[in-house]
Amino acid sequence: MFRKTKKGQANKTPYLLLLPAFIVVFAIAAYTFWYLFRMSLVDWTFGAPWESAEKVGFENFIWLLINSTSPLWDSLKITVIYTLGSLLAELFIGFSLALLLNEKIFGSSIYTSLLIIPIVIMPSMVGMIWRLYFSFDGLVNYFLESLIGIKVNWFSRQWALLAAMIVDIWEWTPFFILIFLAGLRSLPVEPFESARVDGASNWQILIYLTLPIMTPLILVGSILRFMDLLRIFDVIFVMFGGGPGNATTTLPILVWRETMMAQNTGRGSAVSIMLIILIVSFTTILYKLYQKSRQEGKE
Amino acid sequence: MINIKFKKIVINVLALGIVIAFLFPYFFMVTSAFKSRLDTFAYPPVFFFFKPTLNNFVTIFRDMNIIFYMKTKIAVAARPPVINGRVIRINAFKRVQPSTIAASSNWTGILSRNPRNNQIE
(Lines give C-alpha, C1' and ligand atoms only; values in the text may rest on other atoms or scores of the structure.)
Protein backbone atom coordinates (compact mmCIF):
# COMPACT_ATOMS: atom_id res chain seq x y z
CA MET A 1 0.00 0.00 0.00
CA PHE A 2 2.75 2.44 0.96
CA ARG A 3 5.48 3.57 -1.38
CA LYS A 4 8.93 2.18 -0.55
CA THR A 5 11.85 4.50 0.10
CA LYS A 6 15.34 3.76 -1.22
CA LYS A 7 16.12 1.89 1.97
CA GLY A 8 13.08 -0.29 1.43
CA GLN A 9 11.06 1.26 4.24
CA ALA A 10 7.42 2.19 3.72
CA ASN A 11 7.08 5.93 3.09
CA LYS A 12 3.98 7.05 4.92
CA THR A 13 4.69 10.79 4.75
CA PRO A 14 2.57 11.60 1.64
CA TYR A 15 -0.39 9.76 3.12
CA LEU A 16 -0.01 11.48 6.49
CA LEU A 17 0.14 14.85 4.74
CA LEU A 18 -2.99 14.05 2.78
CA LEU A 19 -4.86 12.76 5.82
CA PRO A 20 -6.10 16.11 7.28
CA ALA A 21 -7.50 17.25 3.92
CA PHE A 22 -9.06 13.82 3.37
CA ILE A 23 -10.68 13.84 6.83
CA VAL A 24 -12.13 17.33 6.28
CA VAL A 25 -13.50 16.54 2.81
CA PHE A 26 -14.83 13.12 3.85
CA ALA A 27 -16.38 14.45 7.06
CA ILE A 28 -18.18 17.30 5.28
CA ALA A 29 -19.45 15.00 2.50
CA ALA A 30 -20.51 12.26 4.91
CA TYR A 31 -22.25 14.64 7.32
CA THR A 32 -24.09 16.40 4.48
CA PHE A 33 -25.26 13.11 3.02
CA TRP A 34 -26.31 11.83 6.43
CA TYR A 35 -28.26 15.04 7.12
CA LEU A 36 -29.94 14.80 3.70
CA PHE A 37 -30.85 11.17 4.34
CA ARG A 38 -32.28 12.07 7.75
CA MET A 39 -34.41 14.81 6.16
CA SER A 40 -35.70 12.39 3.54
CA LEU A 41 -37.20 10.22 6.31
CA VAL A 42 -39.40 12.95 7.80
CA ASP A 43 -42.40 15.02 6.85
CA TRP A 44 -41.09 18.50 7.49
CA THR A 45 -42.28 21.86 6.17
CA PHE A 46 -39.41 23.98 4.98
CA GLY A 47 -38.62 26.72 7.53
CA ALA A 48 -40.63 25.18 10.37
CA PRO A 49 -38.80 24.17 13.59
CA TRP A 50 -37.11 20.77 13.37
CA GLU A 51 -39.19 19.59 16.36
CA SER A 52 -42.29 19.79 14.19
CA ALA A 53 -40.83 17.17 11.83
CA GLU A 54 -42.76 13.92 11.80
CA LYS A 55 -40.93 10.66 11.19
CA VAL A 56 -42.45 8.81 8.21
CA GLY A 57 -39.77 6.23 7.41
CA PHE A 58 -39.37 5.53 3.69
CA GLU A 59 -42.81 6.93 2.84
CA ASN A 60 -41.34 9.80 0.81
CA PHE A 61 -39.39 7.38 -1.37
CA ILE A 62 -42.35 5.04 -1.78
CA TRP A 63 -44.68 7.93 -2.69
CA LEU A 64 -42.20 9.21 -5.26
CA LEU A 65 -41.66 5.77 -6.78
CA ILE A 66 -45.16 4.31 -6.94
CA ASN A 67 -47.77 7.05 -6.53
CA SER A 68 -49.62 7.83 -9.76
CA THR A 69 -49.41 11.59 -9.13
CA SER A 70 -45.67 11.49 -8.43
CA PRO A 71 -43.72 13.85 -10.71
CA LEU A 72 -40.55 11.73 -10.40
CA TRP A 73 -40.86 9.58 -13.55
CA ASP A 74 -41.79 12.49 -15.82
CA SER A 75 -38.91 14.45 -14.38
CA LEU A 76 -36.54 11.53 -14.82
CA LYS A 77 -37.63 11.17 -18.46
CA ILE A 78 -37.03 14.89 -19.08
CA THR A 79 -33.62 14.69 -17.36
CA VAL A 80 -32.56 11.70 -19.47
CA ILE A 81 -33.70 13.34 -22.73
CA TYR A 82 -31.99 16.59 -21.80
CA THR A 83 -28.77 14.94 -20.65
CA LEU A 84 -28.35 12.43 -23.47
CA GLY A 85 -29.54 14.83 -26.19
CA SER A 86 -27.20 17.60 -25.11
CA LEU A 87 -24.26 15.31 -24.45
CA LEU A 88 -24.46 13.49 -27.79
CA ALA A 89 -24.92 16.73 -29.74
CA GLU A 90 -22.01 18.35 -27.91
CA LEU A 91 -19.79 15.32 -28.51
CA PHE A 92 -20.64 15.15 -32.22
CA ILE A 93 -20.40 18.89 -32.93
CA GLY A 94 -17.36 19.28 -30.66
CA PHE A 95 -15.46 16.45 -32.34
CA SER A 96 -16.37 17.61 -35.86
CA LEU A 97 -15.27 21.18 -35.13
CA ALA A 98 -12.09 20.02 -33.41
CA LEU A 99 -11.23 18.03 -36.55
CA LEU A 100 -11.88 21.14 -38.62
CA LEU A 101 -9.81 23.44 -36.41
CA ASN A 102 -7.01 20.86 -36.36
CA GLU A 103 -6.43 21.57 -40.06
CA LYS A 104 -3.98 24.31 -40.95
CA ILE A 105 -6.30 27.27 -40.56
CA PHE A 106 -5.43 30.94 -40.58
CA GLY A 107 -5.92 32.32 -37.05
CA SER A 108 -6.62 28.93 -35.49
CA SER A 109 -5.23 29.93 -32.09
CA ILE A 110 -7.40 33.09 -32.06
CA TYR A 111 -10.48 30.99 -32.83
CA THR A 112 -9.59 28.64 -29.99
CA SER A 113 -9.28 31.54 -27.54
CA LEU A 114 -12.55 33.09 -28.71
CA LEU A 115 -14.41 29.81 -28.31
CA ILE A 116 -13.75 29.86 -24.56
CA ILE A 117 -16.04 32.90 -24.17
CA PRO A 118 -19.38 31.02 -23.91
CA ILE A 119 -17.94 28.82 -21.15
CA VAL A 120 -16.81 31.71 -18.97
CA ILE A 121 -20.08 33.66 -19.03
CA MET A 122 -22.09 33.27 -15.82
CA PRO A 123 -24.80 30.59 -16.24
CA SER A 124 -27.47 32.96 -14.91
CA MET A 125 -26.40 35.49 -17.54
CA VAL A 126 -26.52 32.80 -20.22
CA GLY A 127 -30.06 31.99 -19.12
CA MET A 128 -31.08 35.64 -19.19
CA ILE A 129 -29.69 36.44 -22.64
CA TRP A 130 -31.11 33.30 -24.21
CA ARG A 131 -34.46 33.95 -22.60
CA LEU A 132 -34.41 37.21 -24.51
CA TYR A 133 -33.27 35.54 -27.76
CA PHE A 134 -35.94 32.83 -27.56
CA SER A 135 -38.79 35.29 -27.02
CA PHE A 136 -41.38 35.30 -29.81
CA ASP A 137 -39.94 38.46 -31.35
CA GLY A 138 -36.39 37.54 -30.46
CA LEU A 139 -33.18 36.80 -32.28
CA VAL A 140 -33.78 33.07 -32.86
CA ASN A 141 -37.21 33.57 -34.38
CA TYR A 142 -35.86 36.39 -36.53
CA PHE A 143 -33.30 34.04 -38.10
CA LEU A 144 -35.83 31.22 -38.40
CA GLU A 145 -38.30 33.53 -40.13
CA SER A 146 -35.60 34.87 -42.45
CA LEU A 147 -34.34 31.39 -43.37
CA ILE A 148 -37.40 29.13 -43.44
CA GLY A 149 -40.31 31.51 -42.93
CA ILE A 150 -41.59 30.20 -39.58
CA LYS A 151 -41.71 31.50 -36.03
CA VAL A 152 -41.73 29.12 -33.08
CA ASN A 153 -43.18 29.67 -29.63
CA TRP A 154 -40.13 28.49 -27.69
CA PHE A 155 -41.92 28.95 -24.39
CA SER A 156 -44.50 26.27 -25.22
CA ARG A 157 -44.45 22.73 -23.76
CA GLN A 158 -43.44 21.35 -27.16
CA TRP A 159 -40.29 23.43 -27.67
CA ALA A 160 -39.05 24.54 -24.25
CA LEU A 161 -36.84 21.51 -23.60
CA LEU A 162 -35.26 21.80 -27.04
CA ALA A 163 -34.53 25.47 -26.37
CA ALA A 164 -32.83 24.55 -23.08
CA MET A 165 -30.77 21.92 -24.91
CA ILE A 166 -29.73 24.41 -27.61
CA VAL A 167 -28.46 26.77 -24.92
CA ASP A 168 -26.45 24.04 -23.24
CA ILE A 169 -25.02 22.96 -26.60
CA TRP A 170 -24.02 26.55 -27.37
CA GLU A 171 -22.44 27.01 -23.97
CA TRP A 172 -20.56 23.73 -23.62
CA THR A 173 -19.63 22.54 -27.13
CA PRO A 174 -16.50 24.75 -26.98
CA PHE A 175 -15.40 22.73 -23.94
CA PHE A 176 -15.36 19.58 -26.09
CA ILE A 177 -13.74 21.46 -28.98
CA LEU A 178 -10.90 22.54 -26.71
CA ILE A 179 -10.20 19.16 -25.12
CA PHE A 180 -10.54 17.28 -28.41
CA LEU A 181 -8.29 19.79 -30.13
CA ALA A 182 -5.67 19.29 -27.41
CA GLY A 183 -6.03 15.53 -27.85
CA LEU A 184 -5.81 15.66 -31.65
CA ARG A 185 -2.67 17.81 -31.48
CA SER A 186 -0.94 15.36 -29.16
CA LEU A 187 -1.69 12.27 -31.29
CA PRO A 188 1.39 10.25 -32.32
CA VAL A 189 2.40 10.90 -35.94
CA GLU A 190 3.78 7.45 -36.85
CA PRO A 191 0.55 5.39 -37.02
CA PHE A 192 -1.05 8.03 -39.25
CA GLU A 193 1.92 8.10 -41.62
CA SER A 194 1.91 4.30 -41.78
CA ALA A 195 -1.81 4.29 -42.52
CA ARG A 196 -1.35 6.79 -45.36
CA VAL A 197 1.51 4.74 -46.81
CA ASP A 198 -0.79 1.70 -46.69
CA GLY A 199 -3.36 3.67 -48.72
CA ALA A 200 -5.99 4.30 -46.04
CA SER A 201 -8.58 6.95 -46.85
CA ASN A 202 -9.28 9.92 -44.53
CA TRP A 203 -12.52 8.29 -43.43
CA GLN A 204 -10.78 4.97 -42.61
CA ILE A 205 -8.09 6.84 -40.64
CA LEU A 206 -10.80 8.62 -38.67
CA ILE A 207 -12.79 5.47 -37.88
CA TYR A 208 -9.99 2.96 -37.28
CA LEU A 209 -7.24 5.19 -35.91
CA THR A 210 -8.27 8.61 -34.62
CA LEU A 211 -11.46 7.57 -32.82
CA PRO A 212 -9.99 4.51 -31.02
CA ILE A 213 -6.98 6.53 -29.84
CA MET A 214 -9.23 9.38 -28.74
CA THR A 215 -11.75 7.12 -26.95
CA PRO A 216 -10.31 7.64 -23.41
CA LEU A 217 -10.38 11.39 -23.91
CA ILE A 218 -13.94 11.27 -25.27
CA LEU A 219 -14.98 9.25 -22.22
CA VAL A 220 -13.26 11.60 -19.76
CA GLY A 221 -15.02 14.58 -21.36
CA SER A 222 -18.32 12.68 -21.34
CA ILE A 223 -17.98 11.81 -17.64
CA LEU A 224 -17.34 15.44 -16.69
CA ARG A 225 -20.21 16.79 -18.79
CA PHE A 226 -22.56 13.96 -17.85
CA MET A 227 -22.24 14.77 -14.14
CA ASP A 228 -22.76 18.45 -14.90
CA LEU A 229 -25.78 17.87 -17.12
CA LEU A 230 -27.53 15.66 -14.57
CA ARG A 231 -27.32 18.35 -11.91
CA ILE A 232 -27.82 21.43 -14.08
CA PHE A 233 -30.14 23.96 -12.51
CA ASP A 234 -29.23 27.59 -13.12
CA VAL A 235 -29.75 28.02 -16.87
CA ILE A 236 -33.04 26.10 -16.97
CA PHE A 237 -34.28 27.85 -13.86
CA VAL A 238 -33.54 31.32 -15.20
CA MET A 239 -34.98 30.56 -18.64
CA PHE A 240 -38.10 28.57 -17.80
CA GLY A 241 -38.25 27.91 -14.04
CA GLY A 242 -39.05 24.28 -14.90
CA GLY A 243 -42.10 25.23 -16.95
CA PRO A 244 -44.27 25.62 -18.88
CA GLY A 245 -46.09 23.07 -16.70
CA ASN A 246 -43.36 20.55 -16.07
CA ALA A 247 -41.84 20.63 -19.58
CA THR A 248 -38.34 21.48 -18.34
CA THR A 249 -38.57 20.07 -14.81
CA THR A 250 -35.33 18.14 -14.60
CA LEU A 251 -34.49 16.38 -11.34
CA PRO A 252 -32.63 19.36 -9.77
CA ILE A 253 -35.57 21.62 -10.64
CA LEU A 254 -37.89 19.02 -9.08
CA VAL A 255 -35.81 19.16 -5.89
CA TRP A 256 -36.27 22.93 -5.80
CA ARG A 257 -39.99 22.68 -6.57
CA GLU A 258 -40.65 20.07 -3.89
CA THR A 259 -38.49 21.81 -1.27
CA MET A 260 -39.11 25.49 -1.86
CA MET A 261 -42.45 25.67 -3.71
CA ALA A 262 -44.31 22.77 -2.11
CA GLN A 263 -42.24 23.29 1.09
CA ASN A 264 -42.00 19.52 1.46
CA THR A 265 -38.38 19.11 2.50
CA GLY A 266 -38.73 15.34 2.98
CA ARG A 267 -39.72 14.69 -0.61
CA GLY A 268 -37.16 17.17 -1.92
CA SER A 269 -34.44 15.37 0.02
CA ALA A 270 -35.66 11.99 -1.24
CA VAL A 271 -35.39 13.23 -4.86
CA SER A 272 -31.90 14.55 -4.06
CA ILE A 273 -30.79 11.15 -2.82
CA MET A 274 -32.17 9.46 -5.93
CA LEU A 275 -30.34 12.01 -8.07
CA ILE A 276 -27.08 11.31 -6.23
CA ILE A 277 -27.56 7.55 -6.74
CA LEU A 278 -28.27 8.16 -10.43
CA ILE A 279 -25.18 10.34 -10.90
CA VAL A 280 -22.90 7.93 -9.04
CA SER A 281 -24.24 4.87 -10.92
CA PHE A 282 -23.92 6.35 -14.39
CA THR A 283 -20.55 7.92 -13.64
CA THR A 284 -19.28 4.55 -12.40
CA ILE A 285 -20.44 2.90 -15.62
CA LEU A 286 -18.74 5.56 -17.73
CA TYR A 287 -15.59 5.32 -15.62
CA LYS A 288 -15.53 1.52 -16.08
CA LEU A 289 -15.83 2.06 -19.83
CA TYR A 290 -12.96 4.55 -19.62
CA GLN A 291 -10.77 2.04 -17.78
CA LYS A 292 -11.71 -0.69 -20.26
CA SER A 293 -10.80 1.53 -23.22
CA ARG A 294 -7.44 2.36 -21.62
CA GLN A 295 -6.81 -1.33 -21.01
CA GLU A 296 -7.62 -2.12 -24.65
CA GLY A 297 -5.36 0.75 -25.71
CA LYS A 298 -2.44 -0.80 -23.80
CA GLU A 299 -3.04 -4.24 -25.32
CA MET B 1 -3.06 22.33 -56.83
CA ILE B 2 -6.24 24.36 -57.44
CA ASN B 3 -8.17 21.63 -55.65
CA ILE B 4 -5.97 21.90 -52.54
CA LYS B 5 -6.25 25.70 -52.55
CA PHE B 6 -10.03 25.48 -52.94
CA LYS B 7 -10.19 23.00 -50.04
CA LYS B 8 -8.12 25.34 -47.88
CA ILE B 9 -10.39 28.29 -48.67
CA VAL B 10 -13.52 26.23 -47.91
CA ILE B 11 -12.08 25.04 -44.58
CA ASN B 12 -11.08 28.58 -43.58
CA VAL B 13 -14.45 30.04 -44.51
CA LEU B 14 -16.24 27.21 -42.71
CA ALA B 15 -14.17 27.67 -39.54
CA LEU B 16 -14.73 31.42 -39.59
CA GLY B 17 -18.47 30.92 -40.10
CA ILE B 18 -18.70 28.49 -37.19
CA VAL B 19 -16.77 30.75 -34.84
CA ILE B 20 -18.99 33.70 -35.83
CA ALA B 21 -22.10 31.58 -35.26
CA PHE B 22 -20.87 30.62 -31.79
CA LEU B 23 -19.92 34.15 -30.86
CA PHE B 24 -22.89 35.96 -32.38
CA PRO B 25 -25.13 35.62 -29.29
CA TYR B 26 -22.25 36.98 -27.23
CA PHE B 27 -21.77 39.88 -29.65
CA PHE B 28 -25.48 40.67 -29.41
CA MET B 29 -25.28 40.59 -25.62
CA VAL B 30 -22.32 42.98 -25.53
CA THR B 31 -23.89 45.40 -28.02
CA SER B 32 -27.16 45.28 -26.06
CA ALA B 33 -25.29 46.84 -23.15
CA PHE B 34 -24.84 49.94 -25.33
CA LYS B 35 -28.37 49.99 -26.74
CA SER B 36 -31.44 51.79 -25.54
CA ARG B 37 -34.35 49.61 -24.38
CA LEU B 38 -36.13 50.34 -27.64
CA ASP B 39 -33.21 49.04 -29.73
CA THR B 40 -32.71 45.98 -27.52
CA PHE B 41 -36.27 44.75 -27.99
CA ALA B 42 -36.71 45.94 -31.57
CA TYR B 43 -38.05 43.54 -34.20
CA PRO B 44 -36.37 42.93 -36.59
CA PRO B 45 -33.37 43.09 -34.25
CA VAL B 46 -30.90 45.93 -34.62
CA PHE B 47 -27.41 44.49 -35.01
CA PHE B 48 -25.00 47.21 -36.03
CA PHE B 49 -26.60 50.57 -36.76
CA PHE B 50 -27.92 51.88 -33.50
CA LYS B 51 -27.31 55.00 -31.45
CA PRO B 52 -24.88 53.89 -28.72
CA THR B 53 -25.69 54.93 -25.18
CA LEU B 54 -24.04 54.54 -21.78
CA ASN B 55 -27.34 54.90 -19.93
CA ASN B 56 -27.36 51.21 -18.91
CA PHE B 57 -23.99 51.59 -17.19
CA VAL B 58 -25.08 54.82 -15.51
CA THR B 59 -28.15 53.00 -14.19
CA ILE B 60 -26.23 50.06 -12.71
CA PHE B 61 -23.70 52.32 -10.99
CA ARG B 62 -26.25 54.85 -9.75
CA ASP B 63 -29.26 52.72 -8.86
CA MET B 64 -28.04 49.16 -8.36
CA ASN B 65 -24.96 49.42 -6.13
CA ILE B 66 -22.96 47.30 -8.58
CA ILE B 67 -19.70 47.86 -6.68
CA PHE B 68 -21.10 45.89 -3.74
CA TYR B 69 -21.96 42.93 -5.99
CA MET B 70 -18.55 43.08 -7.66
CA LYS B 71 -16.82 43.01 -4.27
CA THR B 72 -18.92 40.01 -3.23
CA LYS B 73 -18.12 38.24 -6.48
CA ILE B 74 -14.40 38.82 -6.09
CA ALA B 75 -14.51 37.62 -2.48
CA VAL B 76 -16.33 34.44 -3.49
CA ALA B 77 -14.03 33.81 -6.44
CA ALA B 78 -10.83 34.45 -4.48
CA ARG B 79 -11.60 32.17 -1.56
CA PRO B 80 -11.52 28.67 -3.13
CA PRO B 81 -7.95 28.89 -4.48
CA VAL B 82 -6.72 29.97 -1.05
CA ILE B 83 -8.58 27.13 0.64
CA ASN B 84 -7.40 24.61 -1.97
CA GLY B 85 -3.83 25.62 -1.29
CA ARG B 86 -3.01 26.22 -4.93
CA VAL B 87 0.50 27.29 -3.91
CA ILE B 88 1.11 23.86 -2.46
CA ARG B 89 -0.07 22.25 -5.68
CA ILE B 90 2.30 24.35 -7.76
CA ASN B 91 5.24 23.43 -5.51
CA ALA B 92 4.28 19.78 -5.69
CA PHE B 93 4.27 19.95 -9.49
CA LYS B 94 7.81 21.32 -9.49
CA ARG B 95 8.99 18.16 -7.76
CA VAL B 96 7.81 15.95 -10.64
CA GLN B 97 10.58 14.68 -12.93
CA PRO B 98 10.91 16.44 -16.32
CA SER B 99 10.25 13.14 -18.15
CA THR B 100 6.92 12.84 -16.36
CA ILE B 101 5.98 16.41 -17.30
CA ALA B 102 6.70 15.60 -20.95
CA ALA B 103 4.56 12.48 -20.77
CA SER B 104 1.74 14.34 -19.05
CA SER B 105 1.40 16.66 -22.04
CA ASN B 106 -0.85 13.86 -23.24
CA TRP B 107 -4.06 15.19 -21.69
CA THR B 108 -5.45 11.81 -20.63
CA GLY B 109 -2.13 10.81 -19.12
CA ILE B 110 -2.69 13.05 -16.13
CA LEU B 111 -5.41 10.76 -14.90
CA SER B 112 -3.42 7.58 -15.25
CA ARG B 113 -0.22 8.26 -13.38
CA ASN B 114 0.95 5.18 -11.55
CA PRO B 115 1.39 6.14 -7.87
CA ARG B 116 4.12 3.51 -7.40
CA ASN B 117 6.63 4.99 -9.82
CA ASN B 118 4.93 8.30 -10.71
CA GLN B 119 5.05 7.36 -14.39
CA ILE B 120 2.37 7.59 -17.05
CA GLU B 121 0.96 4.21 -17.97
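Protein chains get the first letters and strands the later ones, always in sequence-line order, with residue 1 at the start of each. Reckoned from all heavy atoms, side chains included, excluding hydrogens, waters and symmetry mates.
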Next on the checklist: Heavy atom to heavy atom, less than 4.5 Å: which residues from residues 43-55 of chain B reach chain A?
Outcome noted: B/Tyr43, B/Pro44, B/Pro45, B/Phe47
Checklist entry - Relative to chain A, which segment of B/Phe28 carries a heavy atom at a distance below 4.5 Å: side chain, backbone, both, or neither? => result both
Checklist entry - Does the side chain of A/Leu19 reach to within under 4.5 Å of the side chain of A/Tyr15, using non-hydrogen atoms? => result no
Item to check | Within the 6.0 Å centroid threshold, strictly below: A/Phe155 and A/Phe134 | outcome: no
Checklist outcome for this item: When the 4.5 angstrom heavy-atom criterion is applied to A/Tyr142 and chain B, the contacting part is both
Item to check | Proximal component of A/Leu97, with respect to chain B [non-hydrogen, under 4.5 Å] | outcome: side chain
Next on the checklist: Taking A/Leu87's backbone N and O only, do any of them form a donor-acceptor pair with A/Glu90's side chain (distance below 3.5 Å, no angle check)?
Outcome noted: no
Item to check | A/Trp154 versus A/Asn141, side-chain donor and acceptor atoms under 3.5 Å | outcome: yes
Item to check | Residues, nucleotides or ligands: over 12 heavy atoms within 6.0 Å of B/Leu38 CG | outcome: no
Next on the checklist: If the condition is salt bridge (Lys or Arg N to Asp or Glu O under 4.0 Å), which residues does A/Asp137 pass it with, not counting sequence neighbours?
Outcome noted: A/Lys151
Item to check | Donor-acceptor pair, side chain of B/Asn56 and main chain of B/Lys35, under 3.5 angstrom | outcome: yes
Item to check | 4.5 Å side-chain heavy-atom contact, A/Ile218 and A/Tyr290 | outcome: no
Checklist outcome for this item: Ranking A/Val126, A/Leu114, A/Leu101, A/Leu139 by heavy-atom pairs under 4.5 Å to chain B gives rank one to A/Leu139
Next on the checklist: Would you say that more than 12 heavy atoms from the other residues, nucleotides or ligands in this model lie under 6.0 Å from the CD1 of A/Ile110, or not?
Outcome noted: no
Next on the checklist: Counting only non-hydrogen atoms closer than 4.5 Å, does A/Met128 touch chain B with its backbone (N, CA, C, O), its side chain (CB onward), both, or neither?
Outcome noted: neither
Checklist entry - Which atom pair, heavy atoms only, marks the closest approach of B/Ala15 to A/Tyr111? => result CB-CE1, 3.9 Å
Checklist entry - Relative to chain B, which segment of A/Leu100 carries a heavy atom at a distance below 4.5 Å: side chain, backbone, both, or neither? => result both
Checklist entry - With a 4.5 angstrom heavy-atom cut-off, which part of A/Leu187 approaches chain B: side chain, backbone, both or neither? => result neither
Checklist entry - Where on A/Gln291 is there a heavy atom nearer than 4.5 Å to chain B: the side chain, the backbone, both, or neither? => result neither
